[in-house]
Amino acid sequence: MGRYNPKVSEPHWRARWADTDTFRTLTPEEAGDRPKYYVLEMFPYPSGRIHMGHVRNYTMGDVVARYKRAQGFNVLHPMGWDAFGMPAENAAMEKGVHPKGWTYENIAAMREPLKQLGLAIDWSREFATCDPEYYGQEQKLFLELYRRGLAYRREGVVNWDPVDMTVLANEQVIDGCGWRSGAPVEKRKLTQWFLRITHYADDLIEGLKGLDRWPDKVRLMQENWIGRSQGLRFHFDVADGAPSGFDRVEVYTTRPDTLYGASFVGVAADHPLALALAESNPALAEFIAECRRGGASEADIEAGEKKGFDTGVTVSHPFDPDWKLPVWVANFILMDYGTGAIFGCPAHDQRDLDFARKYDLAVTPVVLPAGADAASFTVGTEAYVGPGRIFNSQFLDGLAIEEAKAAAIARVEADGRGQGATVYRLRDWGVSRQRYWGCPIPIIHCPDCGVVPVPQGQLPVRLPDDVAFDKPGNPLLRHPTWRFVPCPTCGKAAERETDTFDTFVDSSWYFARFANPRADTPIDKAAADYWLPVDQYIGGVEHAVLHLLYARFLTRALADDGLVGVKEPFAGLFTQGMVTHEAYRSQNGMWLQPNEVEKRDGLWVDTEFGRPVEVVGVEKMSKSKRNVVAPEDIFEQYGVDAARLFVLSDSPPERDVQWSTAGVEGAWRLIQRIWAEFDAQPEGRPGAPDLSEDGLALRRASHLLARQITEGLETFRFNLAVARMHEMMAVLKSHPAAGASPARLAARHEALSILARLIAPFMPHLAEECWSRLGEDGLVAEAPWPKADPALFAQDESVLAVQVNGKRRAEIRAPKGAAEADVEAIALADADVQRHIAGQTVRKVVVVRDRIVNIVVG
RNA sequence: GCCGCCUUAGCUCAGUGGUAGAGCGCAUCCUUGGUAAGGCUGAGGUCGACAGUUCAAUCCUGUCAGGCGGCACCA
C-alpha cells in the first residue's frame, strides 16, 4: 500500500524506454506488414525554455504516436529544431553571445524537459535547421528550383522592417507592421529572390478539396489568401492626351457585365502611365508622392478616403468608340493586383461610387433589382451589388448578371480587345532576408557572368563564424573576406549573395528530411515514399496560412521534380488551442505571477502582504502579463503525467485551455485514484473473467471504456476520453477488491489491464507502473491496444421513456426490439400513463424502438 | 464591412430529434492508521433570445444578440 510517487516512477520508466530503445522507428524491412504512420508536431523554435504550449502540442502528438503504436503501426514521431532566425541575432547584439552558441545551448536546454515529458520520439533522427548538414541540402534544393525557373531574382517594392532591418513577405506584414518587430513597415525597392508560388496557385486551391482531414477553417483561410477571382482582362484604346508609347490602358474586372455603367478609368499611383505623365506634370508628381506616403499609413486605410487626380487623358469605351472616358490616378487602386488599372462603375461598386460622388462623375445604373422600375431606379450613396437584370446596356439588356458577363467577355474576345482571365491575390514568395543567422543563398554574382549558382561540389555554403554584431544590418555584408570569391564560371573576382533565406524556407521541407535525416541528398526518395505524407500534423492555427501554404507549395515543386511522390505534405492536420491563464494585477498596476497570488476567503490577494489583487482576465500566457506557469515547476510538484493529463483534459484540443492550480490538482487526484485501484488489487492472476453477475457490470464498463476512449482518440477529443476515465473510477470504486468474489476479482483484473493500456497514451509513466503492478508482461508501451467485446453490450431488455404530449411521464421496460404494438400496450397499461391520459382521447402513439413512446392525447 | 466559429450548472466543458451529464468549485456529513488525504449525500439548468418545422427541438431551419478568429480599398 502506498501513494503513487511520480518522482520515483517517472525517471524509472523513462530509463527503461531509453535502455530498450522502445521508440526507435522501424525500417520498412523491419516493419514488415505493419502499416506506417507518420505523426509530427510543428517543430519548436529553440528559445531556450519550453512553455505550456509546447507541453500541450507535444503531448497531443505523443498521445497519437503511442496510440498508433499500440494499434500495430510502424510510427515515425521525430523531433527537430527550427533554429535559424532573428532572436539569435538579437541575443548576439544585446548580450554579445554568438548566435550559433546561443542556439545550440538553447536546444540543449529545451531537449531535457522535452525528454522529461516522456515523449515517444525517435531521438536518433533529431536535427536543427542551422546544422550545415541540413541547410547545405536546402541550398541544393534551392538550386534545383532555380534551374527549373521556380526561383528568380527581380527588383520589386518590398516591405522593409526598419527595426529588424530586413525584408518581410506580405504574409509577415500584419496591419501594416512587421509580424515580429511590430514596427510600421516601409516600402523600399530592392532586388530580391522570389519563389514562384503563384505557378501553383490553382493547384493549391484545388488541392484543398482533397484535404478532408484538415479543419475547414484552415482550408477557408488558405482559399481566401490565394484569392482566386474570375474576370476579364482587356484594354481601352487611348483617345487623347497620353504620352507616346501609351496607346492602351490594360484593365482587369470581375464585372464585365457592368461595362455600360463605366464612367471613368482609374490607374494606380505607381502605374507606368501615371509615372510617365508625372514627368511633365508637377501637380501629378506631388499627388503620386502623397499616395506613396499615405498609402502605408494605417489611419488613411481606416478612413478609406478616396483621392484622385484627373490626368486629362481620355480613352474610348470598348463597345462604343465615340464614348470617351476620363483617366484618373486614384489612391485606392493597387499596382500589384490585376493590371494596376480598373474601369470604374460607380453604380455597382462602393469604392467607385465614393470616388464618383467626390469628383462628380456619372453614376449610371446597369443592374436592375427584381421589382425595381427601370425608369426611376437610381443609386444614391450605396452601390447596388445584388442580383438583377442588366439594363441601359445595349446588347446586354435583359440578361442576368452571369449571362451578361459571358456575353461581354465573348464580345471583347471577338473584338480582340482582351480575354477572360483568372487573377490571384497570392503573390510570389520573397525569400531574401538581410540577416546573418539563416541559410545562405548559394549564389555568386559575377560582373561578367551575372548570377552564377554555387557548384554542387562547393556546397554547403557555410556561414562564417567570425562575425561582428556591433552595428545594425547584415554582418555578412560587412565580413572582410567571406563574400569575395572567384566566379565559378570565369574565375574573375566575384561576390557571394549575402542575403539568407526566410526561415519559412527551412520549415517548408523538414518533414521530408525526417524520413532520412542523414541522407547525402536533400530527400531520400525511397524513405520519403515510404513515410510521406505526414498522417497527422499538429500545431498552432497561427500557421494556417504562412507555414502550411509554403510547405504545400514546396512539396508540389519537389513532386514535379520527382524528389517526392506526393503533392500534399500533410494528409491530416490538427490545430490546437493555446494555453491561457488568469492574469493578476496589483493595486499599483504591477503584473503578478501566479505563484505570487493566492485566494483567501474567495478573494485574490498577493501572498506576501495579503493586499487585494485584480484578476484581469484569461489571456495567453505571456511574459508581459507575467501569467506564465513554468512546465518544469509543474513536473517537479505534480509529475509529468499530471501536467500531460491536465493539458489534455479541460478543453477540447482545438480550443484554448485555461491553466489553473485547481485543474492540475484534479489531474493529480485522478492519477492517485487510478493507482489506488491497482494498488488495492491482490497480486497474482485470477482466472478468466466469466459472465456471472458479480463481475458483469464491471466487464461492461471496462469494455465500454475501451470503445469510448478509442473513439475519443480517433476523433481528437482527448478531453472526452479523460472524462470517461473519471467515470470509470466510479465504477471501479463501486466494485472494490476488498471482500470481492473470485468472479469480481477476475473482472477487476481484466478491467485494470484494459485501463492500464487505455491510459498509456495519456499518462505513460503511470500506466507502466500500473501494468507492472498488475503483473503483466513487458512494457505497456509495447502492449496491443485493447479491443472491446461487443457481445458484452448486448442487452435483452430496454428501458423506454413514455411521453404524453411530449412531456416525460413514465418509464417502462420492454424486451429489446419488441414490436411496436406490444410496446404500445405496455405503455398504455402503465399506471402513471393512465393517470395522464385519463378522460382524454388517444389520438396517436409514436413508438421509437428501444428508446421512447410518445402518446398524443387531446 | 465580408467570411467562419462559439453561446448547456458558479467555472471549464460533454451530449443527443425522444429520461439534460462530467470534472472542478460550493454546501452538509463521515473518516483522521490510505493524510501534500479519502469518502457519503446534496443544492445548483427557460441548454443565449425569438420564431418556424415536428407527435416531440437544447439538437434541424430562419432572424436577432453577445463573444472569438480570419480577411479587409483584391477591381
Side-chain angles (χ1 to χ4, degrees), chain A residues 1-3 175 215-225 227-229 231-232 251-255 258 266 268 295 300-306 330-334 336-345 348-352 354-355 423-427 541-542 544-545 580 599 602 618 637-638 646 649-652 654-658 660-670 672-673 676 679-680 712 717 719-720 722-727 729-730 733 799-811 843-848 850-858:
Chain A
M1 279 227 178
R3 296 176 69 73
D175 292 333
D216 291 342
K217 183 169 109 168
V218 174
R219 291 193 286 181
L220 189 66
M221 284 166 68
Q222 292 213 350
E223 196 177 336
N224 289 342
W225 189 268
R228 179 166 62 187
S229 78
L232 169 68
V251 303
Y252 172 74
T253 180
T254 57
R255 294 297 302 270
T258 64
D300 278 10
I301 292 170
E302 202 65 35
E305 196 189 343
K306 307 285 182 289
N331 67 339
F332 64 95
I333 298 166
L334 306 174
D336 50 5
Y337 183 80
T339 60
I342 62 157
F343 79 82
C345 175
H348 305 291
D349 183 289
Q350 192 60 47
R351 296 156 302 183
D352 297 345
D354 294 345
F355 190 77
V423 163
Y424 303 89
R425 204 188 77 112
L426 183 71
R427 277 158 236 160
V541 72
E542 66 271 22
V545 176
T580 62
K599 210 170 190 177
V618 177
Q637 201 173 352
Y638 298 97
F646 178 67
S649 64
D650 251 31
S651 280
E654 69 275 16
R655 280 199 229 167
D656 293 352
V657 64
Q658 190 183 334
S660 70
T661 307
V664 73
E665 282 172 353
W668 162 268
R669 276 199 289 273
L670 177 60
Q672 292 300 340
R673 268 181 223 146
D679 198 37
R717 289 192 274 192
N719 58 323
L720 289 193
V722 174
R724 297 290 97 81
M725 293 175 199
H726 277 284
E727 288 168 20
M729 298 321 294
K733 205 173 284 171
V799 178
L800 295 90
V802 183
Q803 296 180 332
V804 178
N805 285 348
K807 288 204 161 48
R808 179 179 171 269
R809 299 301 187 189
E811 199 170 82
R843 302 206 177 271
K844 190 173 180 183
V845 178
V846 182
V847 177
V848 181
D850 297 332
R851 300 194 76 170
I852 204 159
V853 181
N854 192 14
I855 301 164
V856 185
V857 297

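Keep in mind that what you see is a predicted model, and the values were worked out from it rather than measured. Just so we're on the same page: letters track the sequence lines, and every chain starts at 1.
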Give the nucleotide from the list B/C71, B/C55, B/A75 with an atom nearest to the side chain of A/Lys844.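 Among the listed nucleotides, the one closest to the side chain of A/Lys844 is B/C55.
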Whole-Å [atom1] distance, [N] and [M]:
N     : M     : atom1 : answer
B/G52 : B/C5  : C1'   : 24 Å
B/U53 : B/A57 : P     : 11 Å
B/C11 : B/U41 : C1'   : 22 Å

Given 3.5 Å as the limit, does a donor-acceptor pair link the side chain of A/Gln222 with the main chain of A/Ala544, or not?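 It does hold such a pair.
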Is it the case that the side chain of A/Asp352 and the backbone of A/Cys345 share a donor-acceptor pair, with hydrogens and angles ignored and the cut-off at 3.5 Å?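 Yes, because the side chain of A/Asp352 sits within donor-acceptor range (under 3.5 Å) of the backbone of A/Cys345.
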Look at [X] and [N] and indicate whether a side-chain polar atom (N or O) is within less than 4.0 Å of OP1 or OP2.
X        : N     : value
A/Arg669 : B/A36 : no
A/Tyr252 : B/A75 : no
A/Lys733 : B/G39 : yes

Answer yes when A/Arg427 and A/Asp336 have at least one side-chain N-carboxylate O distance shorter than 4.0 Å, and no when they do not.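 Here A/Arg427 pairs with A/Asp336 in a salt bridge, since their nearest N and O are under 4.0 Å apart.
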Indicate for each nucleotide in nucleotides 8-21 of chain B, in 5' to 3' sequence, whether protein heavy atoms under 4.0 Å reach the base (B), only the sugar-phosphate (S), or nothing (-). ----SSSS--BB--
5' priority, RNA chain B, between A/Gly666 and A/Asn331 [closest heavy atom]: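 Result: A/Gly666.
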